[in-house]
Every structure is written in structure tokens, then in C-alpha cells.
Amino acid sequence: MPCIDYERELNEEQKAVVFAGDGPMLVIAGAGSGKTRTVTYRVAYLVERGVPPERILLATFTNKAAREMLHRVEDLLGVDLSRLWGGTFHHIGNLILRREARKVGYEPNYTILDREDQKDLLAVCVEELGIDLTKRRFPSPEVLANIITLSRNTLKSLEDILEAHYPQFLDWASHVVHLFTLYQGRKRRLNVVDYDDLLVYVFELLQNDDRTRRKYGELFRYILVDEYQDTNLLQAEIVDLLAEVHRNLLVVGDDAQSIYAFRGANFANILEFPKRYPDCQIFKLETNYRSTPEILNLANEVIGHNTRQFHKVLKPIRRKGQKPLVVALRDVIEQADFVATKILELREKGYSLDDMAVLYRAHYQSMEVQMEFTRRGIPFEVRSGIRFFEQAHIKDVVAHLRLIVNPYDEISWKRVLRLYPGIGRQIAERVWRVVAEAEDPLFALEREEVLLALPSGARESVTGVRELLLRLESLERDPALAIMAVLDGGYREYLVSHYANAQDRLEDLEELARFATRYKSLETFLSELALLGSMEGETILAGGFKDEKVVLSTVHQAKGLEWACVFLISLCEGAFPSPQSVNSEEELEEERRLFYVACTRAKDYLFLCYPVVGERLRGRPLIRRPSRFLQELSPSLYERYDLRGRVF
């Protein structure tokens, strides 16, 4: 007699998956369709049928997700599942590698490097290579870690990764390859591994060692993989090797929510699963428990424009609600004002701030919203990174500008100097001592006794700093051009060599420059930033908000989450889709999937906002067209909203 009343707990689509027999299975699970519930009950059903927990492998994208699923199964059945293999791919890889470490030249008591440890070890290897970093910029340890990770998880050579993603470092290709060899050798000598090793060594073992592959293939009678659309090539290969014996492989995911190609996720894994397993059963979960019919109608049409997909239609359980609202605003300032006003109105209607989210394609697009919320005392939490003005690259550029307004700003001097090749903490301190005592700090930088006291690389950098600061002095009445001058003066190259997400940071700074066009001097611009910074530091509990907070997030960070009220902002050409994607149909389809993910986060209200006028650094304002994704929509699916509160 089963413990679980499956008839009561599951709908017909879910039951079809849970009760399915053996063999390969692909479950296309639409947004809000109870995917996690389905996987949980499938595990419970297998255990209830007598499958020993240790013969089941459950791969998820977070250990938390695996724990929650397994705790739920334990509650349902009252059994101990501690022997079931559940967790992330890296967690499972570690469990296997601990048992098989000596086969790949490691001792089982190896230590796992976290990301910071990995960067520290890479820095040691760069030093061992003896590269003169005072002459040309070499990739920082952070960028090197990203290059290596992308190479290993996509099974592509380092040279291929450099050519495709980091062409600015192609001249360093042989050095990067040599550095990787040094890095791998040093890890072996220290008996340490990084996260990539946990997957790569397991893959190599399973691929090359028939006995090991058979051992684990026999062990795992049933394999379940959650969020399969987010797997990379390496993970998919590991799954296929482990499933070789029993072929009881169930993968669950939504091709319409595959949005992580930039991390190495391979869309083809889910799309081509039926080709790799021609006898697989395909199930679809299309019943949506989250959103109103009106929101789902729009979402279904959005994704219908993609050609590479498994066709499905989300079907609502909920009753009729408000149509999505398309809101055209004059500019990003008016957009921020609208969002803040509407959020306060919705709160008056009974929604908590926790029920609301502002989503955007790129982090820089949240700047004006952050500023408006700060001014109005609306508490918010930034999920796409730290608050805009607290980011390192923003503070770096602002530090340059502060030196023009206050040439005796010690903190800014030291921050600026350490950005340049050949200048570390000690040299920055030495230069500052000279600057602090000078009547004209900029003139002091060219004094012969200062330059002669510095190493040659630092001497060249200090001269470059002085030339840049003199240029900024001449732009004291044009903060926007001053910001661009910092970028042109070497900071753009610094971003590229030091940050894996250099393009995102560059977009932040370009947005800061556009914002700065409203100010007539560096002094007024910096004063405004300082006031915003001090307001951000306050704990604002006005209006009885208590611990409520609006979430501000990129769409990527919002995947898997839901809110009653969602504001999707900056839906205009040049902002969403990403300008880098528009020349590739494959990338454009991923951008449309991203738009689909954003729309399906909303339960009750969906606001699709776009500014009509964009600011230019020079010349007249730019008229912006609404996103092509908005233009694709049938007008009957949404209502337009004007700032007088009328729907039409």
C-alpha cells in the first residue's frame, strides 16, 4: 500500500512522469509548472518501489535544491535518504574523485581550492613565468580563471577560447598555455584541486577507464538531472557515461529558459537529447500555477517567435487578471519615477515590497531606479551585484575625478596610482608623500627626484597619471567627457585585463557618463554622488516598511524566482536585446528566451517599460525604438499605459 496519495498530490502531466517506466526520459517543464514537485515525487516513487537510495543519483544546480527535494521525500516516506547521491555536479564529482583519486595521481585527502585560492595560485604561477607586467597588460588571475574554466567545461582548447571570447589576449596564447601547465603541475605537487578538476578528472576516468565506468554505471540504476538546459558539454558527457549501463536517465528542464550560454551552458544538450537517445519518452509539463492567463498569453507568444525549441503552451490554472501593461516613458529618469510611484501605489493596495521586483537586462540599467528609490526612502535589495555606486570600477573612475576637485585626497591618490602597471602599495605611498607636501600636486609628479626614485615601469605610469589628470583638469566643466577621458586614458584596458565581465563594467561606466551629462561641473556631480552614497548607507524604515525590500535584479539572477508584481525596464533597442546579440540568430533567440523568463516571473502584474529618449554624450538626444520583442507582440495581448494613470 503506497504511503503517498499521488492522485491527490499531482496533476495528470506530473503523474505521467512520476509513474513512467524505465529508459531515457526528457521532461520539458514549463515555467511555474511544478517541476521540482514532479522530480521530488519521482524520487519518492522509485524508493517506494524498492529501489535502494544508494542506487539513485540526483544532480541539481545547487546543493540546497537537492537537500530540499530529499528532505521532502524523507517527510513523505519516513525513510533515511542519506545514502542517496544528491547534489551539484561538483559535489557528486567530489564524492567519486575521493574514491578514485589515486587513479588520476592524487591522494584521497586532497584539498579543494575555492575561487580566491585559485586566483592566488594562478598569481604565483604568473610570477613564476617571469612576465614583465610593467610593459603590457597580462590577464589578471580572475580573467585567467575564467578562461581556464570555460576551456575545460566546454572541452575546447585554450587557444579556441581566447580567439572566441578574449581576442585581446591572443598574443599571450603561448604564455597562457604554459601557465596552465604550471598551474596543473603545482596543484598536483600540493595535492589540491579546483572546482573544474572535480568534473574533468571524473570525466577522463569514466571515458578512459572501462572498469571505473562500469563500476559507477552499475551502481547508479536511476539518474535524474534537474535544470538540464543549464548543463555544459562536460556535465552532459559525464551524465551519458554514467547512464551507459542501465539507461534509466531522466532529465528535466525547459529549453525556453536556457539563458546561460555565456557561462558555457550548451543549449544543444536539451535540444538534441532525443537524437542521443532515440528511444526516449518525451513529457511536457504545461500547466502553470503561477501567473494569470493574460501574462501567460503574452509569454506564449513571446517564445513562439523562436524556431529552435520544443513547442509547448503554458496553460493557466488561475482566473482572469490584469493584462500586461506596456509603458512608454520620456527617459530613464521618468522611467525610474514611474516605477517608484507605481510600487508605492501597489503597496497601498496591500502588496508587500517583498512581492515586487524590478528586472533588467544589464546591471547598469538599474542606476536611476536605485537613485530614485534612495531619494524616496524605498528600501531595496540589489541581487545583480552590489549597489551601483559601491562597485569597484565606479569608485576607481570617481577617484580620478575627486583628485581634480581636491588634489590632496589621500585615499583617491592611492586608489588611482595602484591601478597602473608597476605601482603597488609601497610606490603609491612614496608618491603620496611627495604629493601631500607639494603646493601643486600635479606639478610634483614630474619632479626629477620623484621620477628617479621609482622603478622604470612605475616611472612611466606616474607620467601617464599626470598627463591624464592634466587632461581631466581641462574637463572640469564637463563631467561626462571627464569620465570618458579616464576610460580612454588606460582604464578601459585595465578593465579588460582585470575583470572577466569587463564589458558589463564598461557599460556601467558609459551609463555613468550619460548620467553625468546633467551636471555642469565635477564638483556638483561629485557632491550628488556623495549625497546618494550617504543615503544608501542609512537604514530606512519610513512608512512602516520594516524589513520589506523591493528586489532589483538582472533577469539572469531572477531565473527560478517569482513575484506578484514585476517591472521589466529599459525594453528598448540597444538595451534589450543586448547589442552584441543582434547579428547572430542563435544569440538573438537566447535573448528572446531571456525576455520570456522575465515575463514568466510575474504572478499578478507585469509592467513592460521603455524610455523613448536616450542621452548621448555629445550631440542631440537619441530617439529610441521599443525593443523588437515588444514590437513582435500582438497589441491585443497588452494594454498601453500613460502617466496620467489611464489604461488604453
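Only this structure's heavy atoms are used, side chains among them; waters, hydrogens and symmetry mates stay out.
Atom CD in Gln557 sits 12.5 Å away from atom CG in Leu552 (nearest 0.5 Å).
Taking a cutoff of 4.0 Å between a charged side-chain nitrogen and a carboxylate oxygen, Lys603 and Glu562 qualify as a salt bridge. Salt-bridge annotation for Arg383 and Glu381: present, with a side-chain N of the basic residue lying under 4.0 Å from a carboxylate O of the acidic one. Checked for salt-bridge contact, Glu585 and Arg308 miss the test: no charged N lies under 4.0 Å from a carboxylate O. For the pair Arg115 and Glu142, the salt-bridge criterion is not met [side-chain N within less than 4.0 Å of a carboxylate O]. A salt bridge links Lys559 with Glu227: at least one charged nitrogen is closer than 4.0 Å to a carboxylate oxygen. With respect to the salt-bridge test (charged N to carboxylate O, under 4.0 angstrom), the residues Glu573 and Arg624 do not qualify.
In this structure, Arg518 forms no cation-pi arrangement with Phe525, as its terminal cationic atom is not both closer than 6.0 Å to the ring centre and no more than 45° off the ring axis.
Applying the salt bridge (charged side-chain N to carboxylate O under 4.0 Å, His left out) criterion to Asp396, with sequence neighbours excluded, gives Arg415. In terms of the side chain to side chain contact (heavy atoms under 4.5 Å, CB included) criterion, residue partners of Ala256 (sequence neighbours excluded) are, by chain and number, Asp254, Ile303, Lys312, Tyr596.
No side-chain donor-acceptor contact under 3.5 Å links Asn266 and Asn232.
For Leu403 against Asp409, the heavy-atom pair with the smallest separation is CD2-O, 3.8 Å.
Ring orientation note: the planes of Tyr351 and Tyr605 are nearly perpendicular, at an angle over 60° on the 30°/60° scale.
Applying the salt bridge (charged side-chain N to carboxylate O under 4.0 Å, His left out) test to pairs two or more places apart or on separate chains, those with a residue in residues 489-499 are Asp488-Arg492.
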